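Written below as structure tokens is the structure these notes are about.
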Amino acid sequence: MKKVYKAHILFTKEKDHFEVVENGYIAVGADGRVEKVMAERPRTGYEDAEFVDFGNCLLIPAMNDMHVHAPQVHNQGVAMDLQLLPWLENYTFPEEAKYADIHYAERMYRRFLHTQWLFGTMRSCVFGTIHTESTRLLMKLYQEAGMGALVGKVAMNRHCPDNLSEDVEAAIEGNERLIAEFNQPDALVRPIITPRFVPSCTPELLKACGELAIKYQLPVQSHLSENTSEIEWVKDLEKESTCYGDAYNRYGLFGQTPTIMAHCVWTSGEELEMMKRNGVMVAHCPTSNFNLSSGMAPVRTFLNEGLHVGLGSDISGGHDLNMFRMLTYAIQVSKMHYELDHSKGFLTLPEVFWIATKSAGSFFGKVGSFEPGYDFDALVINDEVLHPDEYSLLHRLERYIYVGDDRQIAHRFCRGKEIMEP
């Protein structure tokens with residue numbers, strides 16, 4: 001059944017300005033996709049549509065988390081005084097080993113999904129663990145919730161604890177089981193090939209992951225140029241590669257199928273050019289980069305160079321699953337870059353909103369905007385407690401992003417379906 005929603009509608013077709021329709025209407029087809037946005041209620045074509053009036057609320061696209069480790073939810077806000085490699089060894093790997101226990105996995109994954117739902121994140125690129133059954137459970141929970149996700153069974157077979165190492169054959173067999181069950185066209189929940197990062201994967205495993213991605217035309221996710229000591233480690237491990245990105249490219253994991261790389265804090269030169277050429281997306285994770293002393297990703301440079309960029313929470317390197325906070329942190333990081341180099345302006349609110357919605361959403365298809373044909377992924381914001389009558393619609397949205405929280409999200413939609421509390 002078609003539906004027509006009335007509210008104050010705000011979204012970003014382009015990165016430099018908002019589309020604002022005060023007391024506007026948005027028509028959504030029975031397939032859950034946007035048909036049109038209108039300034040007036042349609043007189044024809046929607047006589048039988050359900051009409052829903054959200055009054056003085058804001059209606060905006062939902063959030064997309066482009067890099068998140070679901071099994072690290074228990075470590076959220078823990079050990080934030082460590083750098084990347086000791087943090088992995090002492091906290092992350094021991095926690096992920098617990099996901100061999102399917103009952104523990106279910107308890108934690110339900111906690112994780114509920115928190116994502118609270119903050120209005122309707123699509124995610126998610127790392128699981130090496131455990132096939134726990135990863136399958138996570139995918140089933142997303143399906144039951146009605147939220148969209150690309151979920152990866154993590155591949156690792158070196159420089160990690162024995163109980164988190166899996167030989168190449170077992171890693172591929174586990175992935176193929178998940179692919180057989182979940183790789184359906186246009187499905188909200190699908191697999192994504194997920195080598196953890198180059199140091200944790202032998203050349204044989206990286207090659208097998210690349211072959212798997214190409215065989216099934218699946219997307220790829222991993223980490224890239226996050227930390228200076230990590231980059232030096234990769235140089236030592238992959239001596240034939242010309243840069244960290246080339247270490248993925250040589251194995252078919254760098255844009256041969258849709259690819260998203262988290263962090264890219266130190267990406268420049270040849271690596272940046274290779275990302276441009278191959279269409280690799282960046283998942284910018286500002287809180288994680290601060291917490292793990294990784295640095296400040298040059299997002300303005302990425303945009304100027306035409307790279308695709310999204311935002312990631314990266315828990316538990318990052319401490320916050322609220323993607324609206326990532327918008328504010330991304331602006332703050334860019335302002336620090338601006339202080340170092342005044343030739344490159346800092347990010348604006350419409351730019352980071354576009355990054356978080358339409359730019360990020362493009363990795364899932366037509367997601368993140370209210371243009372015709374886009375999935376109706378949306379949030380209804382009731383900002384009554386934030387004194388809305390004193391502000392313009394754009395300032396109301398800005399105030400919600402900076403000082404609001406999940407209590408102001410009145411309704412959540414993914415592909416046209418209202419998503420109830422999981």
Side-chain angles (χ1 to χ4, degrees), residues 7-22 24 26 34 37 57-67 116 119-125 260 281-287 297 299-300 302-304 306-313 318 320-335 337-338 345-364 366-371 374-383 386 388 391-406 408-409 411-414:
H8 303 305
I9 300 168
L10 301 96
F11 62 106
T12 44
K13 287 184 184 179
E14 308 296 336
K15 67 175 180 292
D16 57 354
H17 71 277
F18 281 97
E19 306 292 327
V20 180
V21 186
E22 185 174 2
I26 184 165
V34 175
V37 173
C57 293
L58 309 177
L59 180 62
I60 62 174
M63 290 291 104
N64 306 291
D65 190 340
M66 303 309 293
H67 182 70
Q116 282 201 311
F119 292 128
T121 299
M122 293 292 107
R123 307 273 180 146
S124 305
C125 287
I260 185 161
M281 180 180 277
V282 175
H284 175 39
C285 307
T287 57
V299 174
R300 170 59 70 198
F302 296 156
L303 293 182
N304 289 350
L307 267 65
H308 301 287
V309 181
L311 297 177
S313 67
D320 197 341
L321 273 167
N322 183 347
M323 291 306 298
F324 288 103
R325 294 287 183 263
M326 298 309 120
L327 276 71
T328 67
Y329 300 142
I331 290 174
Q332 290 165 354
V333 169
S334 75
K335 287 183 174 178
H337 271 293
Y338 175 73
F346 51 78
L347 299 175
T348 64
L349 187 68
E351 285 178 314
V352 294
F353 194 87
W354 176 84
I355 287 170
T357 56
K358 187 175 180 178
S359 179
S362 67
F363 201 73
F364 305 100
K366 285 194 167 184
V367 171
S369 181
F370 291 153
E371 296 163 68
Y374 275 68
D375 287 0
F376 185 64
D377 286 22
L379 304 177
V380 177
I381 308 299
N382 183 348
D383 59 343
L386 301 178
Y391 300 93
S392 69
L393 292 178
L394 282 175
H395 283 162
R396 284 174 60 181
L397 176 58
E398 183 174 24
R399 277 173 53 76
Y400 172 71
I401 290 169
Y402 273 87
V403 302
D405 59 39
D406 60 283
Q408 285 87 59
I409 303 179
H411 302 275
R412 302 154 177 85
F413 295 88
C414 184

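This one's a predicted model, so the numbers in the text were calculated from it and none came from an experiment.
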Using every non-hydrogen atom in the two residues, find where [X] and [Y] come nearest and quote the distance to one decimal.
{"X": "P286", "Y": "A330", "value": "CG-N, 4.0 Å"}
{"X": "S369", "Y": "Y374", "value": "O-CB, 3.3 Å"}
{"X": "S313", "Y": "D320", "value": "CB-O, 3.3 Å"}
{"X": "R325", "Y": "T328", "value": "O-OG1, 2.7 Å"}
{"X": "N64", "Y": "A356", "value": "ND2-O, 3.0 Å"}
{"X": "A7", "Y": "C57", "value": "CB-O, 3.6 Å"}

Any side-chain to backbone donor/acceptor pair from [X] onto [Y]? Under 3.5 Å, distance only.
{"X": "H337", "Y": "A297", "result": "yes"}
{"X": "S359", "Y": "V309", "result": "yes"}
{"X": "K335", "Y": "F346", "result": "no"}
{"X": "R399", "Y": "L394", "result": "no"}
{"X": "Y400", "Y": "H395", "result": "no"}

Inset, instruction - Output, in order, the C-alpha distance, side-chain angles, deciding distance and verdict of side-chain contact (heavy atoms from CB on, under 4.5 Å) for V299 and V333. - result: CA-CA 9 Å; V299 174; V333 169; over 6 Å; no
Mind checking the [atom1]-[atom2] spacing from [X] to [Y]? Nearest 0.5 Å is all I need.
{"X": "I355", "Y": "F302", "atom1": "CD1", "atom2": "CZ", "value": "11.0 Å"}
{"X": "L303", "Y": "K15", "atom1": "CG", "atom2": "NZ", "value": "6.5 Å"}
{"X": "E371", "Y": "T12", "atom1": "CD", "atom2": "OG1", "value": "8.5 Å"}
{"X": "E14", "Y": "W354", "atom1": "CD", "atom2": "CH2", "value": "8.0 Å"}
{"X": "L311", "Y": "M66", "atom1": "CG", "atom2": "CE", "value": "9.5 Å"}
{"X": "Q116", "Y": "M63", "atom1": "CD", "atom2": "CE", "value": "13.0 Å"}

Are any non-hydrogen side-chain atoms of [X] and [Y] less than 4.5 angstrom apart?
{"X": "R412", "Y": "L379", "answer": "yes"}
{"X": "H67", "Y": "C125", "answer": "no"}
{"X": "F11", "Y": "V34", "answer": "no"}

Legend entry - Criterion side-chain contact (heavy atoms from CB on, under 4.5 Å) against I9, the qualifying member of I60, L393, L58, L59: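 Output: one option passes, namely L59.
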Legend entry - Residues that F376 engages under ring-ring contact (aromatic ring centres under 6.0 Å, His included), provided they are two or more places apart: Y5, F370, F413
Inset, instruction - Identify, with sequence neighbours excluded, every residue that meets ring-ring contact (aromatic ring centres under 6.0 Å, His included) alongside Y329. - result: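 For Y329 there are no ring-ring contact (aromatic ring centres under 6.0 Å, His included) partners, ignoring immediate neighbours.
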Legend entry - Partner residues of D383 under the side chain to side chain donor-acceptor pair (under 3.5 Å) criterion, sequence neighbours left out: R396
Inset, instruction - Please identify each residue that fulfils side chain to side chain donor-acceptor pair (under 3.5 Å) with D377, with sequence neighbours left out. - result: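 Checked D377 against side chain to side chain donor-acceptor pair (under 3.5 Å); matches are R123.
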Legend entry - From CA spacing to verdict: side-chain contact (heavy atoms from CB on, under 4.5 Å), F353, L10: CA-CA 10 Å; F353 194 87; L10 301 96; 6.0 Å; no
Legend entry - Verdict with supporting geometry, I409 and V380, side-chain contact (heavy atoms from CB on, under 4.5 Å): CA-CA 6 Å; I409 303 179; V380 177; over 6 Å; no
Legend entry - side chain to side chain contact (heavy atoms under 4.5 Å, CB included) partners for H308, two or more places apart: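 Result, side chain to side chain contact (heavy atoms under 4.5 Å, CB included) vs H308: M281.
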Inset, instruction - Only counting residues at least two apart or in another chain, list the ones meeting side chain to side chain contact (heavy atoms under 4.5 Å, CB included) with D406. - result: L118, F119
